[in-house]
Amino acid sequence: MAQVELTAAAAIEVEAGLLAVPVFEEDMSGSPRGVVLDLDRKLERHLSAAAKEEGFRGKPDEALQLHTVGRLPAARVMLLGLGPRAKADAIARAGFEPLRMAAGKAARAAARAGVQELGVALPGELTAAGAARAVAEGALLGAYKFERYKSEKQEKRALRTVVIATGDGPARAADVREAARLGQRIAAAVAWARDLVNEAPMHCTPTRLARAAQELAREAGLACEVRGPKEIASLGMGMFLGVTRGSAEPPRLVKVSWEPRRGAGAPPLVLVGKAITFDSGGLSLKPTESMVTMNSDMAGSAAVLATMRIVAELAPPFPVHVLLGACENMPGGRAYKPSDVLTAYNGKTVEVTNTDAEGRLVLGDVLAWGVDTLAPAAVVDVATLTGACVVALGQTTGGVFGPDGDAVDAVLAAARAAGEDFWRLPMTEAVKETLKSDVADMKNTGERWGGAIAAAHFLREFTGETPWAHLDIAGPSHSGKERGYVGKGGTGVAVRTLVELVRSWRPPHAAARTRGRRPRPAA
């Protein structure tokens, strides 16, 4: 991954293969002003002439690129529209996402041109620290490529340096430098998650996913525990074992932990990721076109694991645990069947009505186990759970579910600060009724309508009174096209939100929760 550097130089002084300059509409209306005027003078009015000819007005998503033919230290200059200056505050409130997208677009332009040094000028109207972090994240993620299976790689043409021009001298250097450094670390974590999601399912098996968690823990100084099929059975996780029965690949139950040296009495924050390394639908087999991207059904686990890379560096004064139930959902002679009744970790019985609604079964057991053994202050799960959420919110917005309270409020605030698009959906009680079963405590699916809500209600049955938030990332976890800093394939969505959640989390007093095991059902 490229390195990020800061300079207090003005934009016209930055030496780079490509200089990206985000601009507002007012900079382009009438006579150029500000940094655009400085650039235009150096380029002997060719910049304003090109903008007029191409119809570039500084509107969002607009871009204009021009060779400088030696008139600037930068070989090329690229203007990127941010919209009207009146929206500068809105850009900051949105986690600087438009600026992050612009930096990603510039990085892609640099890659197409074979440029190894990208300069980005920070708009003076935006808070320098927040803008610097967004630019670092956007540029580095925009330059991301997954080439593990390419016989000819593009390494020689890869971006090596991102120079962020603050143009405001050393006054705010410390906070801006730290923000840019955090942005670089977060981008590396997101790229790590993307790599994991983009792996071929023949390689990213439950065993390999567990090994990736162990390697991450070892490198970051975290604790990691991995359990196999016999240990999972001894815990009474009947739903988890039911899902994995049809696969030749053994399941893995993974726990990665950060424990502070001080403040160990604080209740932990628990993050749970869906870790279905390939989802065929089981006996309720998916059509071929729906199965092609099912290597990404473990994107939730990739997100929570990648977050722990940053948690280890943030060193929060409270424990953070990541839990994964990793397995495949495959058809086979031993596969679980519609009409089977599975017994969950917490003793609830579930009638299977659709084997393609497997993620909630595994998550339910893992959630119940985490709540029971860890007594968390809050639990947040991240899952590519339902196509219904994609229907409701599209492919770029994730859904947030949960009861009113600290967990949901904290997740939504963290998403806004991170610039990730999440939207709260209701936990409508009428939809819960569709999960009633005639033969068991509940079914694993309800009616077609409100499917994402029904799935959230199912999960709620396994979290008890613990504050809980559920992130359905089925839409934004995978992209079929390039946009800004998002490329084709796994996106690494939710990593930035979870990092912000940990950074801002204030756990209740340790005495507020006590740890105790649930009553086990009679054998």
Side-chain angles (χ1 to χ4, degrees), residues 1-7 14 16-22 63 78 80 95-122 126 128-148 153-166 176-198 216 302-303 305-307 309-310 313-314 417-420 476 479 482-500:
M1 180 167 279
Q3 293 299 306
V4 175
E5 300 176 1
L6 292 180
T7 177
V14 174
L18 175 65
L19 171 65
V21 183
M78 184 178 189
L80 297 153
F96 300 89
E97 183 68 355
L99 187 59
R100 190 178 287 105
M101 280 290 188
K105 183 179 290 188
R108 293 191 183 285
R112 286 192 295 271
V115 166
Q116 295 183 337
E117 301 86 23
L118 171 65
V120 184
L122 296 187
L126 298 177
R133 174 179 161 184
V135 165
E137 291 173 357
L140 295 177
L141 291 175
Y144 170 86
K145 290 182 182 297
F146 183 76
E147 297 187 316
R148 187 160 300 168
K153 296 178 172 53
Q154 304 278 325
E155 293 176 358
K156 293 182 178 179
R157 294 165 58 87
L159 188 66
R160 294 186 179 179
T161 309
V162 178
V163 179
I164 301 175
T166 64
V176 176
R177 195 169 299 279
E178 179 54 34
R181 181 174 175 271
L182 177 61
Q184 180 160 1
R185 287 150 54 200
I186 290 174
V190 174
W192 185 89
R194 288 180 177 182
D195 280 347
L196 209 53
V197 173
N198 289 330
L216 180 151
L305 282 174
T307 299
R309 289 169 57 107
I310 309 298
E313 297 184 36
L314 294 176
E420 291 197 303
S479 179
E482 295 181 352
R483 51 183 183 85
Y485 61 86
V486 178
K488 292 182 179 180
T491 64
V493 70
V495 174
R496 299 193 334 250
T497 292
L498 294 176
V499 169
E500 285 303 312

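- No side-chain heavy atom of Val163 sits under 4.5 Å from any side-chain heavy atom of Val120.
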Please lay out, stage by stage, how Arg185 and Glu178 fare under the test salt bridge (Lys or Arg N to Asp or Glu O under 4.0 Å). CA-CA 11 Å; Arg185 287 150 54 200; Glu178 179 54 34; 3.5 Å; yes
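- Minimum heavy-atom separation, Ala418 to Thr497: CB-N, 3.8 Å.
- Under the 6.0 Å distance and 45° angle rule, Arg194 counts as a cation-pi partner of Tyr144.
- The minimum heavy-atom distance linking Ala187 with Leu141 is given by the pair O-CD2, 3.5 Å.
- The salt bridge (Lys or Arg N to Asp or Glu O under 4.0 Å) check on Arg483 picks up nothing, with sequence neighbours excluded.
- Side-chain contact between Met101 and Leu80 is absent, with no heavy atoms from C-beta onward closer than 4.5 Å.
- Under a 4.0 Å N-O distance rule, the pair Arg100/Glu420 does not qualify as a salt bridge.
- Between Gly492 and Ala193, the closest heavy-atom pair is CA-CB, 4.2 Å.
- Using a 4.0 Å cut-off between a side-chain N of Lys or Arg and a carboxylate O of Asp or Glu, Lys488 and Glu482 do not qualify as a salt bridge.
- Taking CD1 of Ile186 as the reference point, atom CZ of Arg133 lies at 3.5 Å (rounded to 0.5 Å).
- Gln184 contributes a side-chain N or O that, together with a main-chain N or O of Ala2, makes up a donor-acceptor pair within less than 3.5 Å.
- Considering only residues two or more places apart in sequence or on other chains, Glu117 meets the salt bridge (Lys or Arg N to Asp or Glu O under 4.0 Å) condition with none of them.
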Identify all side-chain donor-acceptor contacts of residues 105-114 below 3.5 Å with residues at least two apart in sequence or on another chain.
unit_1: Lys105; atom_1: NZ; unit_2: Asp61; atom_2: O; d: 2.7
unit_1: Arg108; atom_1: NE; unit_2: Gly484; atom_2: O; d: 2.8
unit_1: Arg108; atom_1: NH2; unit_2: Val486; atom_2: O; d: 3.1

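- The distance from atom CG of Leu305 to atom CG of Leu196, rounded to the nearest 0.5 Å, is 7.0 Å.
- Here OG1 of Thr161 is found 5.0 Å from CD of Glu5. Values are rounded to the nearest 0.5 Å.
- For Asn198 (side chain) and Phe146 (main-chain N/O), no donor-acceptor pair under 3.5 Å exists by modelled atom type.
- The CG atom of Leu159 lies 10.5 Å from the NZ atom of Lys145; values are rounded to the nearest 0.5 Å.
- The two residues Val115 and Gly17 come nearest to each other via the heavy atoms CG1-CA, 3.6 Å.
- Counting all heavy atoms, side chain and backbone alike, Ala165 lies closest to Val14 at CB-CG2, 3.7 Å.
- The two residues Ala128 and Leu122 come nearest to each other via the heavy atoms O-CD1, 3.8 Å.
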Could you walk me through whether Arg496 and Glu97 satisfy the salt bridge (Lys or Arg N to Asp or Glu O under 4.0 Å) test, starting with their C-alpha distance in whole Å, then the side-chain angles of each, then the deciding distance to 0.1 Å, before giving a yes or no? CA-CA 12 Å; Arg496 299 193 334 250; Glu97 183 68 355; 3.1 Å; yes
